[in-house]
Protein chains: 2
Amino acid sequence: MVGIDDVAKHAGVSTATVSRALSGRGYVSDATRAKVSASAEHLDYVVSSNASSLASGRTRNVGIVVPFLSEWYFSSVVEGAETALLRRGYDLTLYNLTGGGDDRRSVFEHFLLRRRVDAVIAVSLELSDDEVSSLHSLGKPLVSVGGVLPGVPSLTVVDSAMTSLSTEHLLSLGHTRIAHIGADSAFDRDFKVPTYRRKGYEQALRDAGITPDPALFRAADFTMKGGFRAAKQLLGQPRDRPTAIVAASDEMAIGSILAARDLGLNVPGDVSVSGVDDHQLADFFGLTTVAQFPKRQGERAVELLMEHLEPAPGSAQPAADLSSAERVPVPFELVVRSSTAAPKPSTA
Amino acid sequence: MVGIDDVAKHAGVSTATVSRALSGRGYVSDATRAKVSASAEHLDYVVSSNASSLASGRTRNVGIVVPFLSEWYFSSVVEGAETALLRRGYDLTLYNLTGGGDDRRSVFEHFLLRRRVDAVIAVSLELSDDEVSSLHSLGKPLVSVGGVLPGVPSLTVVDSAMTSLSTEHLLSLGHTRIAHIGADSAFDRDFKVPTYRRKGYEQALRDAGITPDPALFRAADFTMKGGFRAAKQLLGQPRDRPTAIVAASDEMAIGSILAARDLGLNVPGDVSVSGVDDHQLADFFGLTTVAQFPKRQGERAVELLMEHLEPAPGSAQPAADLSSAERVPVPFELVVRSSTAAPKPSTA
DNA sequence: GTGAAAGCGCTAACAT
DNA sequence: ATGTTAGCGCTTTCAC
């Protein structure tokens with residue numbers, strides 16, 4: 001196993017110089033740097049991250065904690081973060097809380113504390129105050145993606161704004177009987193996302209002078225099947241059928257489209273449907289939706305962390321910035337496809 | 001930052017004893033062990049994994065390399081592996097090769113070599129000989145999931161057997177005009193999975209005395225949209241329409257179901273459809289499919305690695321076993337739902 | 001700009 | 001069963 005002194009010997013310099021040349025910290029003449037790089041390359045030298053971390057206190061590794069992995073949103077955030085980290089020479093250690101209870105405890109009490117990470121990204125995770133402070137007390141930068149954590153910079157879309165947007169889109173097309181498929185508070189895991197999305201829908205209606213009709217709301221579990229069932233209820237009504245459905249997620253929206261087809265209804269002819277996410281299947285189903293960009297969110301989280309892990313020369317108190325920027329808004333955008341259109345002139 | 005000597009002091013023993021008591025290697029009396037554990041707990045002590053790794057050479061960290069993350073199969077394998085590792089006190093470092101070219105090189109040339117992992121799991125990755133040997137030369141155990149790597153124990157289903165199975169299922173229901181949607185070799189990334197699946201279909205037909213008809217094959221890209229398009233071609237034929245479709249993936253199978261509906265055909269009345277995977281959406285669509293269990297595959301990969309990272313007392317040459325067990329078959333199973341049925345008696 | 005040397009916090013002989 | 005001690009392979013003062 002070739003070590004730093006092999007390189008030093010080969011290059012005819014000291015180990016200190018090798019370290020400086022390769023890590024970029026401290027002064028090394030260009031000539032020396034080149035010589036050292038050549039030797040390192042020649043010998044296939046790679047630093048031992050353990051030794052390096054032990055000596056420097058930096059691990060060049062970031063932990064990311066997710067509640068699930070096999071859902072589109074989460075795996076996309078992770079993918080974005082991973083790409084951004086890789087590019088900067090960092091590793092990504094994944095902690096998946098799927099297991100629940102004990103697993104979760106052990107992640108916080110042992111894993112993250114093993115001093116193996118420089119920073120932590122929490123994705124759509126509601127952390128207890130204890131958990132947040134245990135992270136803070138380690139002096140590890142922490143950012144949240146997809147949910148607001150008290151005292152933690154949080155990259156997150158304004159959920160209510162997304163459904164307001166799609167509701168407004170439908171209103172502007174001339175719809176007035178607009179239904180909503182989302183979830184009531186019983187389904188509120190993850191930061192009350194469902195509730196906020198429902199509020200956005202209701203607000204948009206009110207702003208247009210329409211009182212939200214409870215009969216036009218159906219709770220569902222954010223899956224395609226759930227959306228399918230809910231839409232069946234909504235669209236099966238023999239009279240006063242809604243002319244549009246605002247679903248709180250693309251999967252539910254797609255379920256709604258399938259339900260409409262099942263009932264012999266044409267989308268968007270008889271009913272318009274919109275979703276939220278811009279899921280990979282949205283395009284195939286021609287779904288109008290409000291896109292959020294989870295990969296981008298993962299990348300942004302990394303950028304934010306980097307400002308604090310590797311502050312640009314000339315910034316003063318980076319740590320202060322981090323905790324002050326409580327909420328970092330992330331972009332979203334209406335993507336209009338073929339599942340929404342003006343309602344048919346009421347020939348009834 | 002409380003260190004090992006704080007614990008030693010508090011417990012009134014030497015650091016060596018603390019290390020032994022906490023790691024479980026070497027002899028410690030029960031009484032001492034209890035005392036040390038209590039002190040460690042009391043002081044909120046957690047080992048520095050870097051110091052520990054540096055001194056011992058073990059990292060308690062496993063690298064997993066995947067080509068994509070936001071696909072169901074990959075994220076499921078990772079999830080399974082992560083759960084299994086967490087349970088054993090290991091971390092999981094994720095390397096995502098989505099980026100392609102340069103990223104890939106750097107993963108192999110730098111990241112994995114930083115001595116940060118004890119072992120590597122490669123998921124559906126075709127590694128070059130150089131890459132395999134660079135891993136081998138590090139003495140890191142390597143297992144492959146979802147594809148066979150030369151000289152590497154590989155957890156993988158026999159792809160041809162999966163499509164044989166679903167084809168036989170359809171044959172046994174009485175179908176004879178059975179189409180296949182898969183991919184030709186042009187789409188062969190990942191170990192020629194598409195080709196093997198096609199071969200399984202053809203073999204089952206031949207075994208039943210039927211010559212595969214090239215007109216009943218359509219290439220697609222493994223997506224729902226691709227399956228949809230291919231099925232439209234197949235099912236749009238005015239005459240000699242197939243009565244069944246064997247798709248090489250669930251997404252394509254679901255696309256086929258939607259195409260059939262679009263054409264006014266009833267599934268399974270007019271056409272039966274089967275897939276491969278048991279994707280999360282399979283149940284919703286009532287899809288008959290051949291399930292593989294990616295989470296389980298991830299767990300098994302970890303179990304295999306553990307036999308070599310932490311050999312049970314009394315095993316001789318574990319490393320030898322690992323490289324000798326070239327192909328470790330993993331289970332798969334036919335899941336019959338409502339998308340397949342006997343063909344209608346040909347009233348034509 | 002470069003080198004010498006003192007650790008970083010643990011583990012593993014070895015000794016007892 | 002427990003203590004002593006020499007590293008593990010780097011980074012980083014501090015001199016020069």
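Everything numeric in this text was worked out from a predicted model, so none of it was measured. Residue numbers begin at 1 in each chain, while the letters A, B, ... track the order of the sequences.
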For the side chain of Y45(A), starting at C-beta, report the closest nucleotide among dC10(D), dA12(C), dC10(C).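 So the nucleotide nearest the side chain must be dC10(D).
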A side-chain contact here means heavy atoms from C-beta on lying under 4.5 Å apart; do [X] and [Y] qualify?
X	Y	answer
Y90(A)	L86(A)	no
D118(A)	N61(A)	no
L85(A)	M306(A)	yes

In this structure, how many angstroms lie between the [atom2] atom of [N] and the [atom1] atom of [X], rounded?
X	N	atom1	atom2	result
L54(B)	dG7(C)	CG	P	17 Å
D5(B)	dG3(D)	CG	C1'	14 Å
I4(A)	dT11(D)	CD1	C1'	8 Å
D6(B)	dC10(C)	CG	C1'	13 Å
N50(B)	dT11(D)	CG	P	12 Å
K9(A)	dG3(C)	NZ	P	14 Å

Are any of the side-chain nitrogens in R87(B) or E82(B) under 4.0 Å away from the carboxylate oxygens of its partner?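 The answer is no: the pair does not qualify as a salt bridge.
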Could you check whether R116(A) pairs with D91(B) (Lys NZ or Arg NE/NH1/NH2 to Asp/Glu carboxylate O, under 4.0 Å)?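 Yes.
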May I ask you to list the residues of residues 16-35 of chain B, by number, that have any heavy atom positioned under 4.0 Å from an atom of DNA chain C?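 Only A16(B), S19(B), R20(B), R25(B) qualify.
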Nearest-nucleotide 5' precedence on DNA chain D, S14(B) against S56(B):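 On the 5' side of the pair lies S14(B).
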Which heavy atom in L127(B) sits nearest to a heavy atom in A122(B), and how many Å separate them?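 Heavy atoms only, the tightest pair is CD1-CB, 4.3 Å.
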